[in-house]
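These notes are about the structure you will find just below.
Keep in mind that what you see is a predicted model, and the values were worked out from it rather than measured. Remember, it's 1-based here, ligands and their atoms both numbered in the order they're listed. Atom set for the values below is all heavy atoms of this structure, side chains included, hydrogens, waters and symmetry mates excluded.
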Amino acid sequence: MPQDEDLLLAVLNSAPVVDGVRTEQLVGEAGKELATRYGGTGTPGELAHLRSVREALQDLIRGRADATGELNSLLEKTVLVPEATPTGLDWELVAPPHRRLAVRVVMAWSLVEEEMPGRLRACANTRCNLFLIDRSRPGTAKWCSMAVCGNRMKARVHASRKRESGPSS
Ligand SMILES: [Zn+2]
């Protein structure tokens, strides 16, 4: 499911820092809107699983903590059922309804790590809580967005260089 890569990024990026404060989008109407956009229902239980999967994956991607235990308890009772089609096998995901969307997020994360190792990373701006999938050929993308964090960080580096090279009094 290629659109699940979008789902993965939408969930990872659902706690953006706005004016220095971490916000939460996986609650209430905003959470419901996000969940239903990707085929979920937006029930409180489903959103709770999405939030905990987000925290676990953010920790894993940042190498901050081994959150595989949380993922494994989410994945309990998850089964993939094969069905033959003229062009190969289709895999149907069977999971408890309120966990289904969060399981898809974990599957998308795993697929990205397998197909593009190291390309899913946190924005290099430490004050930013967004993540990116680097699809550039050299694999050097560092910012969630060049327009936002890229320019901000460049300006900061430029300012500190100017300070360092300024006249010493
Ligand atoms: Zn950023």
Are Val17 and Phe131 co-members of a hydrophobic cluster defined by side-chain heavy atoms under 4.5 Å apart? no
Worksheet item: With hydrophobic residues grouped by side-chain heavy-atom distances under 4.5 Å, do Leu132 and Leu8 end up in a single group?
Response: no
Within a strict 2.8 Å cut-off of the Zn ion (ligand 1), protein N/O/S atoms tallied 4
Scanning both residues in full, the closest heavy-atom pair of Asp134 with Arg121 reads OD2-NH1, 2.9 Å
Do Arg51 and Glu55 meet the salt-bridge criterion of a basic N to acidic O distance under 4.0 Å? no
- Carboxylate-amine/guanidinium contact Glu46 Arg104, below 4.0 Å: no
Separation between OG (Ser14) and CG (Leu9), nearest 0.5 Å, reads 11.0 Å
